[in-house]
Amino acid sequence: MAADDGGARPGAAQGSTAPDPREPVQLLFRDLRTSREGLSEREAARRLTLFGPNTVARRAQRHRLGELGRQFTHPLALLLGLAAALAAATGSGALAVAIVAVIVLNALLAFAQEQQAERAVEALSGFLPEEATVVRDAVPKEVPATSLVPGDVLLVEEGDRVPADARLIDGGVEVDLSALTGESVPAFRSAEFVDREGRLLDARDLLFSGTACTGGRASAVVTATGMRTELGRIAALSQRTRGEQSPLEAQVKRAARLIALVAIGVGAAFLPLGLAAGLSLAAATTFAIGLLVANVPEGLLPTITLALATGVRELARRGAVVKRLSAVETLGATTVVCTDKTGTLTENRMRAVAVWTLRGEHAADDPGALPQDVLRVIGTAAACTTARLADRHGDPTELALLDLAAGRARAQLPEADGAGRLALHPFDPRIKLMTVAAAEDGAVVLATKGAPEEVLTRADRVQDADGERALHDDDRTAAAHATAAFADRGLRVLAVARRTLATGQSPPPDRREDAEQHLCLLGLVALADPLRPEVPRSIELAHRAGITVHVVTGDNGLTASAIAAQAGIGHRGGRIVTGTELDAMGDDRLDALLAGGEEVIFARSSPESKLRIADALRAEGHTVAMTGDGVNDAPALRRADIGVAMGRSGTDVAREAATMVLTDDDFATIVSAVEAGRRTYDNIRKFIVYIFTHAVPEVVPFLVFALAGGAVPLPLTVMQILAIDLGTDTLPALALGRERSEPGLMDRPPRARGAKVIDRGMLGRAWGFLGVISAALVMGGFLLTLSRGGWHPGDATGAGTALHPLYRRATTVAWLGIVACQIGTAFAVRTERASLRSIGAFSNRPLLAGIGFSLAFAAVIVYVPGLHGLFGTASLGPAELLTVLPFPFVVWGADEARKAVLRRRTVPAAPRRPAPVPPPAPQPAHHRFAVLLARHGWTRDRLAHALGVSEHAAAGFVAHAHRIAAEHGRRTDEPHHR
């Protein structure tokens, strides 16, 4: 029966005081008020009400109405709202309605694009399996994983995802803890183990939510669900690590405030000028509204939103799902990329490439017959696996060993179901060993594989051409030398050993400590995780773009360094810093290390290390892209400017925390995303210049009217300005957001973190050059049309006067002149310095279509009589059309001449070449290997025993490791390892 009425500490089952999952099982049963027979359905339902569903809460989703409301509270929208209110107050109802329509359309456009970006990643969700097997009322049954409660007895077997934190009560399983620990090798968990000390995640009798069972079968009692699990705790930490607004978001807000102040200032200044010119208060107010509207770039926000959305869609086609629109722009500012190694730089596809024995190295793909000792290494390594070759199920390393054995007729494959296995000691990541016992020719043989240093520690014999013999110091040194040589080539190395039990000694030892001793070293197997072929080119492109690439990995430092060298990382130093050394560094030393500019390989790094590295780089003013795939990478992914999660190998929590998800887990996609971000940023600057330019020819006519005291009639109406900003301005601006890259885009250094998207140079080009030329052309066309019709300064042109039809044609020429200048500006801003010919004058087809729409819209405004009264326009004849025809060519030609002058003045920068790095002093490969072990915390005695060197030599290795650590910031007064 279900034990739901046993004595418990007050509140234990109610959740106010969670029981210690490591306490004795019987005490845990008592505190959870359960038993091996599980809970009753009634009690489970009650606890579900009490504890809530077994789900990990995601970040609070923003309400759609709130998102839409934010579009109406932007400074530019508020400014236009003020203009609409003033228009309504002065009786200009049609004008007020038109301005409100602009506000609503802009808001809906921006809102729609943000929602589209959010929907692009809705598929990246789901933290827990849908079903779980539990014991309820003493009967196993399938229940929704969300209905699990503390006290449930959970049944777990190979292939299951663990749905809650639990304490094992029967059996043993292998579990993939990489989601929580970053350790890619499965760990064995058994009810027989009792771990009361150390980290909770290291306890060998506990299971954790979100991990995967890769082998075995067990039952466990659920101790925590939902946000009370380790998964929930880390997810909560990542949610508390708040992201910051992107540089573009901050700068657009600053620019909007600046524009608002300028518009209000100009509008307010016009009131006394208009009154001084003899206008009534109502008329002066109307013209002030016109100035205010003319200064507000109504299309700025939707144009930026659509440009970023276009970047999001392009990146999605390239394999990068971006979850926040503004992240596209941030990618373009990236100065540092912190990348993982496995699966990002490499293919995450293991392949055995070489076998080493005392007689030397042998290529795994050698078509010739292999010596018997090499075949023995291959066969023993294949026997020490739990993977299944038939359905490619199991650890990639073990599958690589089985592939190697399958290609050799004399190498025996293990039984697919393990039927011939007498005992199994699964891989333990702490000692990095695995052992299998099987019967062979009537004897019991133990096969062991694992880290070379661990096997050497436990071996006292070696296999040579004549059979087994005692393991000498020279043999240990040769094995260490071979290990280091393989690691220098970027290969993962496994040592293979065996032990034949004495006749009559059966069954094999139950304790692995007894089984894994007196081993006979057979040899080494080197495995390659090939570098992705496109990575070296991508690294070269990143370096040309001035981007520094650090490797942050949990792998061995020598292997990571070799892979980095193959990829081209480390041209500015390539220093290796182990996790032990990084943990001992103070923040000032870490800052100094990263400020040096050299590329660093952070080996055996923890997720906490990633967070520190991201913080240090950001403190130096860098814009940081950080890759990660585990649950415990989530805080660092959120802290980085661009968190990059792996779509294939990454966890759901990492994908939720990241800004960008790589669907192909490929480093090259990151560089492509940076290039796309730079192009998007450049395009945003292009259409900002385009939009800002037209404020000048829209404002200048009002100023001329006021300064002339009314002697020159007003060249534009407020409705005509709205027709420009909303009708003819938007589509060409959107098309500029899809402009191709300007030559040399990835040869420029990254822009500074504090660089402004709207700077003085842009404003000078928009307002002081293109805008002035456009204003001069517009006013010239207006005055020319009036003078041709017999107008003189001061003549009345109001409604009912003889010159009023002429005035309507002149205002139409001024309005059409602005449209014509827009076309010239659109072609001019397609490049910042390069000639338009370098990218093709007609290569941007969307721009041509946008210009075509603008001309069609202008034709409707000019030649449809029903719109003349609304916009104050009139039909034009050939003479007026010929007046505005040269305007686009004048504007574009003037800017081409300006760019030509700039190109002549600018001396081409010499290609950036990395500073030469002096080669390291030559040293034996086994010396490097020994020093690296010491840097990872190996003691003098352990080094001496494992490598067969003297204690004096081992002490020298440890001392050298400490000197390296001191260079990286470790305390020099720290006592040396013994």
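Residue indices begin at 1 and follow the sequence shown. Keep in mind that what you see is a predicted model, and the values were worked out from it rather than measured.
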What heavy-atom pair brings [X] and [Y] nearest, and what distance separates the two atoms?
{"X": "Pro743", "Y": "Ala834", "result": "CD-CB, 4.3 Å"}
{"X": "Asp641", "Y": "Thr659", "result": "O-OG1, 4.2 Å"}
{"X": "Ala668", "Y": "Ser538", "result": "CB-OG, 3.1 Å"}
{"X": "Leu847", "Y": "Pro732", "result": "CD1-O, 3.8 Å"}
{"X": "Val829", "Y": "Arg765", "result": "CA-NH2, 3.6 Å"}
{"X": "Val535", "Y": "Ala567", "result": "CG1-CB, 3.7 Å"}

Check whether any side-chain heavy atom of [X] sits under 4.5 Å from a side-chain heavy atom of [Y], and report yes or no.
{"X": "Phe667", "Y": "Val549", "value": "yes"}
{"X": "Val624", "Y": "Ile642", "value": "no"}
{"X": "Val337", "Y": "Thr548", "value": "no"}
{"X": "Val551", "Y": "Phe602", "value": "no"}
{"X": "Val552", "Y": "Thr339", "value": "no"}

What pairs with [X] under salt bridge (Lys or Arg N to Asp or Glu O under 4.0 Å), at least two apart in sequence or on another chain?
{"X": "Arg678", "answer": "none"}
{"X": "Asp340", "answer": "none"}
{"X": "Asp587", "answer": "Arg612"}
{"X": "Glu620", "answer": "none"}

Partners passing ring-ring contact (aromatic ring centres under 6.0 Å, His included) against Tyr690 (at least two apart in sequence or in another chain):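 Listed in chain order: His694.
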Who pairs with [X] by side chain to side chain donor-acceptor pair (under 3.5 Å), at least two apart in sequence or on another chain?
{"X": "Thr346", "answer": "Asp529"}
{"X": "Thr335", "answer": "His622"}
{"X": "Ser838", "answer": "none"}
{"X": "Arg351", "answer": "none"}

Can you name the side-chain contact (heavy atoms from CB on, under 4.5 Å) partners of [X], sequence neighbours left out?
{"X": "Pro536", "result": "Leu531"}
{"X": "Ala526", "result": "Val353, Ala354, Phe486, Leu491"}
{"X": "Asn683", "result": "Arg679, Lys686, Glu739"}

Test log, rule salt bridge (Lys or Arg N to Asp or Glu O under 4.0 Å), inputs Asp895 and Arg898: CA-CA 5 Å; Asp895 198 64; Arg898 182 193 65 85; 3.0 Å; yes
Polar contact flag, side-chain donor to acceptor under 3.5 angstrom, His550-Glu598: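 No, no side-chain donor-acceptor pair sits under 3.5 Å.
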SB check Glu896 Lys899 (cutoff 4.0 Å):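 Answer for the salt bridge query: yes.
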Sidechain N-carboxylate O distance under 4.0 Å for Asp682, Arg740: no
Residue among Leu593, Leu590, Ile601, Ile613 satisfying side chain to side chain contact (heavy atoms under 4.5 Å, CB included) with Val577: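 Looking at Leu593, Leu590, Ile601, Ile613, the match for Val577 under the side chain to side chain contact (heavy atoms under 4.5 Å, CB included) is Leu593.
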Cation-pi check, Arg751 onto Tyr681 ring (under 6.0 Å, within 45° of axis):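 Ring-cation test returns yes.
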